[in-house]
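Read the structure below first, then the notes.
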Amino acid sequence: MNIPDFFNPTQVKVTKDKYTRRSFLKNSGLTVAGAVLATQTSSISARTVAGSQSTVPAILGGPKAYTSQRSWPQWDAEKFNPRMNEVMQSRVWSRSGKVNEFEKKWAEMHGKKHCLSTVNGTNALSAAWMQLDIRPGDEVIISPYTFSASVFGVLYKGAMPVWADIDPMTFQIDPKKIREKITPRTKGILPVHICGYPSDMPEIMKIAKEHNLFVVEDACQAHLAEIDGKKVGTFGNAGCFSFQGSKTLPIGEGGGILTDDTEYYHRLYSYHNFGYASGSVAGQISSITALILANKIRMAEYQAVIGLCQMEKLEEQHKLRNENAAYLTEKLSAYPGVTPVRFHKGGTQASYYIYSMIYHPEKLDGLPREKFLKALSAEGVPGVQSGYPNDPIYTQPFLHEVFKSDIYKKFYTADQLDFEKYKQRNHCPALIKTFNTAIWLWDPALMLGSKSDMDDIVKAVDKIHNNVAKIKDV
Ligand SMILES: Cc1ncc(COP(=O)(O)O)c(C=O)c1O
């Protein structure tokens, strides 16, 4: 799998030419009509792209369908450099007014009382669990379509992760499967709004209420995603975000926790600042007396300035992403080989951090997904990926290591820690299926394109649908 290197991201310059052949075709009204034609027949070979000069797939030597290029993250140097310079020259680099301003704005954008910023999303999640009353012997039910960062905090508390399968059409944790996993030991739920689509929070909160459970939302990929107008990260006890450089609010590194609970917020604040006094975590002796077991995970001023600059464009970009994604999804509905990931009932907006689809090889004469992805990539569509590899999180070595630790041996039975049995108990068939059928377009700038860029993605899919037999032989 070709996962972008977050630490050395490829910076691509915008080189969009207004007068390319493609834009000429669009301007002259000769747009992709394959999607429309496709609705009239289930036969792949009957599909054509009206107006396209070439229907030869790029993988077979034809021209690329998609030629736009967009960089991510984006930085308007003229506008933002003076703000960056100001903070650098002020010599106030550690947490101060800019961080406060960033937190205030992020909380306001979500209608929440508090935001605490952190060094990254991993630590936001860990801090959120550290300051909740869960302990060894407790269980937390988690979405398995994620990676290790989501679960570390649960393990730091000595609790047992329990994995509930996903809905393969939404990629999100399935509330019905959560119910099946509830035991008297269950203390929390950790939904992960994966690929930037919203998890079914109304149902999850209903379950949490019925069983008196904590909910920490991993919204690290899902900035401004919504359910019936309510943003993700605002439903649970805590909503955790990542502002890592690939995210739709990119800082490079950064994280944030939203909450309405003031006492919890002060514990979080104290935790992120050496355990020093904050609000209800009251200190008497001196300002450097540590009051709780803590960490130091503070955001810096220059990080906050980057975040504030990025935040200015976020709502506008989010709107555009959602408009483009809705357009693309509608067009792609004509193609039987792919099904765009859908929202669960109530879901209204996604961050489109990763535009996601489900692949159906049986509808494309058995064309393997890898060949489809190769052909799509050859068409110039950016960010083409197969998603997380077939390596379920509940089978990964870090968990086995934890289970071998003295502390886990002290609190759990040998049977509970038997890793083979644990893997079987937590087996998630829909997750495994998704590993093998997911298509990710992992490029946060992709949905910031024009409508004609979306048409070009459709054109790429169309060319593959019309040339399955030849692509199979490549
Ligand atoms: C689902 C999910 N959870 C947690 C994280 C951790 O965030 P960070 O990379 O900022 O530590 C990320 C981001 O990479 C993520 O995508």
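First listed ligand is number 1; within each ligand, the first listed atom is number 1. FYI, side chains are in, hydrogens and waters are out, and symmetry mates aren't considered; it's all heavy atoms of this structure. In this text, all values refer to a predicted model and were calculated from it rather than measured experimentally.
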Atoms in ligand 1 flagged as close to [X], the criterion being non-hydrogen separation under 4.0 Å:
| X | value |
| --- | --- |
| Leu125 | 4 (C) |
| Val192 | 1 (C) |
| Cys220 | 2 (C), 3 (N), 4 (C), 5 (C), 12 (C), 15 (C) |
| Asn120 | 10 (O), 11 (O) |

Nearest neighbour of atom 1 (C) of ligand 1 from the list Asp218, Thr122, Ile251, Val151, on a heavy-atom basis: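 Comparing heavy atoms across Asp218, Thr122, Ile251, Val151, the nearest one to atom 1 (C) of ligand 1 lies in Asp218.
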
Pick from Gln221, Lys247, Gln244: the one approaching atom 13 (C) of ligand 1 most closely through a non-hydrogen atom: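 The option holding the nearest heavy atom is Lys247.
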
Check ion pair Lys177-Asp165 (N to O, under 4.0 angstrom):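 Looking at Asp165 together with Lys177, the answer is no, because their closest N to O distance does not fall below 4.0 Å.
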
Under-4.0 Å salt bridge between Lys319 and Glu316: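 A salt bridge is absent here (no side-chain N lies under 4.0 Å from a carboxylate O).
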
Contact between ligand 1 and [X] is defined here as a heavy atom of the residue under 4.0 Å from a ligand atom; is it met?
| X | value |
| --- | --- |
| Asn123 | no |
| Ser150 | yes |
| Tyr353 | no |

Between Asn123 and Thr118, a side-chain donor and acceptor under 3.5 Å: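 Result is no, nothing qualifies.
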
His193 and Glu217: side chain donor to acceptor below 3.5 Å: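 Yes, Glu217 and His193 have a side-chain donor paired with an acceptor closer than 3.5 Å.
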
Contact check, side chains of Tyr422 and Leu399, non-hydrogen atoms, under 4.5 Å: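 When only atoms from C-beta onward are counted, Leu399 and Tyr422 do touch, with a gap below 4.5 Å.
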
Within 45° cone of Phe235 ring axis and under 6.0 Å: Lys230 NZ or CZ: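 Yes, Lys230 sits over the ring of Phe235.
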
Stepwise salt bridge (Lys or Arg N to Asp or Glu O under 4.0 Å) check, Glu312 with Lys79: CA-CA 12 Å; Glu312 279 179 10; Lys79 192 167 165 203; 3.2 Å; yes

Contact (N/O only, under 3.5 Å) between Glu253 and ligand 1: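 In this structure, Glu253 places no N or O atom under 3.5 Å from an N or O of ligand 1.
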
